[in-house]
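Remember, predicted model here, so these are calculated numbers, not experimental data.
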Amino acid sequence: DTNQTNTQYLPTMASSLLRKATVGAGLALGTAFVYHQVRGTQEYRDRSDLTHMTPTYRPHLHNMPTREEQIKALQEREYDILVIGGGATGCGVALDAASRGLRTALVERQDFSSGTSGKSTKLIHGGVRYLEKAFLNLDYGQFQLVKEALSERSNLLKISPHLSEELPIMLPIYKLWQLPYYWAGAKVYDYLAGRKGLESSYFLSRGKALEKFPMLKQDRLVGAMVYYDAQHNDARMNVALALTAASEGAALTNYTEVLELSKDADTGKVNGAIVLDRISNKKLKIRAKVVVNATGPYADAVRKMANESVEPIVSPSSGVHIVLPSYYSPRDMGLLDPATSDGRVIFFLPWEGSTIAGTTDAPCELSFTPKPDHNEIDFILSEVSSYLSKDVQVRREDVLAAWSGIRPLVRDPSKEKTEGLCRNHIVHVSDEGLLTVSGGKWTTYRQMAEDTVDMAVKSFDLKPKHKNSRTEEIFLVGAHDYYPNMYIQLIQEYGLDVGVAKHLAKTYGDRAVDVADLTQETGQRWPMRGIKLSQNYVYVEAEVLYAVREEYAVTAVDVLARRTRLACLNAAAARDCLPRVIELMAKELNWSKARRQTEFTQAEAFITGEMGLSQLGPKRGQPSRPIGKKKETATSYYGLRSTRRSGGGL
């Protein structure tokens with residue numbers, strides 16, 4: 001019976017292999033063609049030329065207005081553009097509009113980057129998967145999407161060198177037919193970027209692949225292809241966008257919720273919004289010629305404020321990521337599993353001194369507090385284990401944090417409903433005059449913002465001082481005087497720990513000195529300054545003060561999850577230092593005892609739920625505790641039954 005079954009499958013297997021071989025040959029020919037075109041027109045140049053490019057324009061940096069001053073400004077004038085949503089796209093729109101000379105305001109219900117933009121895979125990439133689909137399905141739209149994203153990847157590296165960097169990513173090869181297939185695809189990916197390309201992809205022999213990625217599974221390994229994309233600190237990048245927009249004159253406020261859209265009594269067109277300042281609990285009215293809906297997966301909720309009868313255009317999709325210790329991956333090499341057991345893609349990447357693995361992709365219900373599902377965590381762990389050596393025991397208790405981000409897959413409302421979801425972003429003006437931008441991805445936020453402001457200018461007859469977008473030439477806050485060896489200056493002048501100094505330079509850029517000025521003496525011979533929030537991580541107490549004073553941090557969660565990234569890296573460590581963070585913020589913001597208790601309760605709920613602390617720890621069938629831990633203290637170690645938590649707070 002078994003032989004008969006195998007015989008039945010032989011034609012199918014042969015057909016599949018023939019198809020892959022044909023596609024591989026086609027990609028190889030396509031590579032030769034693209035190579036000839038790129039070299040022939042001298043578009044391609046070495047990445048080293050790009051690293052020394054500087055923008056021709058820099059924003060007018062000044063002392064940022066306080067949040068209270070921004071709230072007051074929202075009521076004092078009519079704005080050209082009011083942006084709803086403080087994610088990457090919303091802040092990108094605000095920056096684009098303000099830098100053109102348009103009067104710009106932005107409101108965000110929670111904090112900047114509190115949604116999808118702060119829970120991404122941390123990649124700035126063109127999308128090798130999209131490129132594969134473009135060839136397999138002969139889809140020109142996918143091809144254009146990759147080309148646009150590769151261009152934006154280069155620009156983001158240029159305008160934010162302190163927050164982004166190139167990252168080589170390995171494609172392990174376990175079957176011979178994959179060698180020409182992956183090689184051709186990687187080369188097309190290289191040359192499609194043209195003059196904005198990074199380092200060239202290359203092949204590694206089996207031995208070299210294991211040398212670069214020692215944790216890799218050795219059985220049947222043929223070799224590996226390595227291609228280049230880029231990586232960033234997503235939430236910090238989002239905050240930098242918001243601060244840069246503010247430096248251009250935009251009025252931005254977080255924790256400002258839109259309650260309803262206001263309309264002109266005669267025309268019925270949207271002309272502003274009624275909002276609630278969730279900190280003071282006061283309502284205010286904002287007048288604007290154009291209202292931009294940049295709320296990502298929540299776009300339909302705002303569209304219904306303008307017209308309750310509109311058809312939904314967003315299909316929310318959940319993407320779960322987990323964080324593992326640094327020893328799971330090399331410090332300077334990522335890994336891509338292009339075809340998991342269920343056909344999805346899994347990235348396995350070094351990030352902020354740890355290892356991040358994800359993402360899943362599954363339909364979900366909309367929520368402002370999405371939580372990682374334990375089944376998705378198990379799926380990621382299973383896929384990771386299939387690519388790692390048997391020497392590496394992939395354990396559930398090694399998961400330090402887990403989170404879920406909701407991606408907006410959108411349908412263009414101007415097209416027939418049957419046409420399905422868009423692969424790119426959409427910019428649409430409704431009959432009521434609400435401008436909605438949605439879809440796309442982190443890498444293309446700038447192009448999405450440019451398209452949105454272009455549409456606003458065209459559709460609403462705005463009169464910008466500068467007709468065209470200037471954001472390709474604007475360095476983000478912190479990038480202006482940043483240089484790679486800045487951390488050495490911090491060590492020598494302030495006596496900081498090497499890891500802390502590198503972290504401050506890469507996180508704050510040329511403003512790292514301002515943060516270092518706030519550091520306190522440690523009382524030790526070395527390091528002399530920089531008291532850490534958590535001894536195993538590089539975050540220091542001075543960052544809490546800086547976040548409150550200069551970066552619009554309002555809550556403890558803002559500091560732990562988005563100004564620093566501790567909650568995303570280690571949920572238990574974030575929970576442990578929560579009382580100290582609240583103590584520091586309370587002194588800065590004059591919090592009452594009741595407010596401090598509220599902050600503790602809300603932050604603990606966030607860490608337990610959204611950062612996955614309740615999902616972490618031992619699982620049946622696996623080791624019940626970490627090495628060196630006594631059985632009776634294991635539950636406390638995982639944060640599942642902490643004695644501090646049972647005390648009820650501060």
Looking at Asp190 and Ser201, would you say the former's side chain and the latter's main chain have a donor-acceptor pair under 3.5 Å? yes
Pair Asp378-Arg396, salt bridge (Lys or Arg N to Asp or Glu O under 4.0 Å): steps then yes or no: CA-CA 8 Å; Asp378 289 341; Arg396 173 83 177 226; 2.4 Å; yes
What verdict does the side-chain contact (heavy atoms from CB on, under 4.5 Å) test give for Glu610 and Trp403, after you've listed the backbone C-alpha separation in whole Å, the side-chain angles of each residue and the deciding distance to 0.1 Å? CA-CA 6 Å; Glu610 293 186 57; Trp403 68 84; over 6 Å; no
Side-chain (Lys217) to main-chain (Ser386) donor-acceptor, under 3.5 angstrom: yes
Please answer whether the main-chain N or O of Gly126 pairs with a side-chain N or O of Lys441 as donor and acceptor at a distance below 3.5 Å. yes
Looking at Glu352 and Lys122, is any side-chain nitrogen of the basic one under 4.0 Å from a carboxylate oxygen of the acidic one? no
Polar side-chain atom of Asn238 near backbone of Ala88 as donor-acceptor pair, under 3.5 Å: yes
Parallel, tilted or perpendicular for His503 and Tyr508, by the 30°/60° rule? perpendicular
What is the distance from atom CZ of Arg236 to atom CZ of Arg563, rounded to the nearest 0.5 Å? 7.5 Å
Have His125 and Thr443 got a donor and an acceptor in their side chains that come within less than 3.5 Å? no
Do you know which two heavy atoms are closest between Pro325 and Thr355, and how far apart they sit? O-OG1, 3.1 Å
Please tell me whether Thr121 and Thr359 have a donor and an acceptor in their side chains that are separated by less than 3.5 angstrom. no
Could you tell me if the side chain of Pro180 sits less than 4.5 Å from the side chain of Trp183, heavy atoms only? no
Any side-chain to backbone donor/acceptor pair from Asp497 onto Val500? Under 3.5 Å, distance only. yes
So does Thr369 get a backbone contact from the side chain of Lys371, meaning a donor-acceptor N/O pair under 3.5 Å? yes
Kindly say whether Gly609 contributes a backbone atom to a donor-acceptor pair with the side chain of Ser614 at under 3.5 angstrom? no
Main-chain N/O of Val559 paired with Thr564 side-chain donor or acceptor, under 3.5 Å: yes
Is a donor on one side and an acceptor on the other found under 3.5 Å between the side chain of Arg206 and the backbone of Gln218? yes
Pairs in or reaching into residues 199-235: which pass ring-ring contact (aromatic ring centres under 6.0 Å, His included), with residues at least two apart or in two chains? Tyr189-Tyr227, His232-Trp442
